[in-house]
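Letters A, B, ... mirror the listed sequences (proteins, then strands); counts begin at 1. On a predicted model such as this, the values are computed, not experimentally measured, just so you know. Heavy-atom basis, side chains included; hydrogens, waters and symmetry copies ignored.
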Number of protein chains: 2
Amino acid sequence: MHYEDLINSVKQRRDMLNVTQEMLADLSGVGLRTLKQFESGKGNPTVETLQKLGDALGLELNFRVKNLIAE
Amino acid sequence: MHYEDLINSVKQRRDMLNVTQEMLADLSGVGLRTLKQFESGKGNPTVETLQKLGDALGLELNFRVKNLIAE
DNA sequence: ATAAAAAGAGCCATGTAATGCACTATGAAG
DNA sequence: CTTCATAGTGCATTACATGGCTCTTTTTAT
């Protein structure tokens with residue numbers, strides 16, 4: 001999963017739940033500015049930021065073994 | 001997946017591949033100091049750092065929808 | 001027991017993530 | 001076209017992640 005996929009996971013999930021950036025910022029405890037930067041692809045967030053967002057959205061961050069065959 | 005699970009994913013995978021911290025630091029392009037901090041649970045790495053480590057170990061970072069029932 | 005390898009920690013400099021505030025851009029509804 | 005909600009950007013500040021160096025601790029092998 002590339003970085004953009006992480007971004008899209010958050011965006012899509014947020015849209016699916018009908019939550020605005022402002023609401024998600026409040027719910028997750030992540031600053032609105034930080035969330036905006038993340039979603040617009042500008043940042044290099046820390047794992048803590050990702051986990052806060054994930055927690056608020058019911059997503060969990062994990063490492064998966066890559067499938068080398070079906071890239 | 002909690003933060004410790006991310007750490008353990010890297011440690012276990014590194015051990016499985018018989019790679020030292022020093023080797024992984026070189027392979028991934030992550031500083032040895034940073035890797036040591038991460039594995040010893042001290043840090044709050046950026047997603048870039050996690051992805052570099054993942055790339056070198058054949059792991060990919062992703063968001064999964066949480067299963068609320070079987071926590 | 002001891003030596004070598006690997007892992008962890010302190011110190012420090014540099015870069016940048018996080019954040020608030022104010023402003024702009026985009027988009028939808030009237 | 002205007003208005004309102006939502007999303008994106010510039011700027012400045014603070015906090016901390018990164019990474020090299022050195023030293024200590026732990027683990028492993030002989």
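When all heavy atoms of Leu57(B) and Leu17(B) are compared, the pair lying nearest together is CD2-CD1, 3.9 Å. Tyr3(B) approaches Pro45(B) most closely through the heavy-atom pair OH-CD, 3.0 Å. Residues Phe63(B) and Val10(A) share a closest heavy-atom pair of CE1-CG2, 3.7 Å.
Of the inter-residue distances, the one linking Asn62(B) atom CG with Asn62(A) atom CG reads 4.5 Å to the nearest 0.5 angstrom. The distance from the OG atom of Ser9(B) to the CG atom of Leu53(B) is 11.5 Å, given to the nearest 0.5 Å. We find the NE2-CG distance between His2(B) and Asp55(A) to be 7.5 Å, quoted to the nearest 0.5 Å. A distance of 10.5 Å separates CG of Leu35(B) from NZ of Lys11(B), quoted to the nearest 0.5 Å.
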Quiz item: How does protein reach along nucleotides 13-23 of chain C, written 5' to 3' as B (base within reach of a heavy atom under 4.0 Å), S (only sugar-phosphate), or - (no contact)?
Solution: ----SSBBB--

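Legend: residues meeting side-chain contact (heavy atoms from CB on, under 4.5 Å) with Asn44(B), ordered by chain and number and at least two apart, are Thr46(A), Val47(A), Glu48(A). Legend: residues meeting salt bridge (Lys or Arg N to Asp or Glu O under 4.0 Å) with Arg14(A), ordered by chain and number and at least two apart, are Glu39(A).
When the C1' atom of dA7(C) is taken as reference, atom CZ of Phe38(B) falls 15 Å away, rounded to whole Å.
Applying a 4.0 Å cut-off to non-hydrogen atoms, none of the residues of residues 14-22 of chain A approaches DNA chain C.
Chain B approaches DNA chain D within less than 4.0 angstrom (heavy atoms of the protein), and the contacting nucleotides run 5' to 3' from dA17(D) to dC21(D).
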Tabulate below the donor-acceptor pairs under 3.5 Å that side-chain atoms of residues 23-33 of chain A make, not counting sequence neighbours, or state none.
from	atom 1	to	atom 2	distance (Å)
Ser28(A)	OG	Leu24(A)	O	2.7
Ser28(A)	OG	Ala25(A)	O	3.4
Ser28(A)	OG	Val30(A)	N	3.2

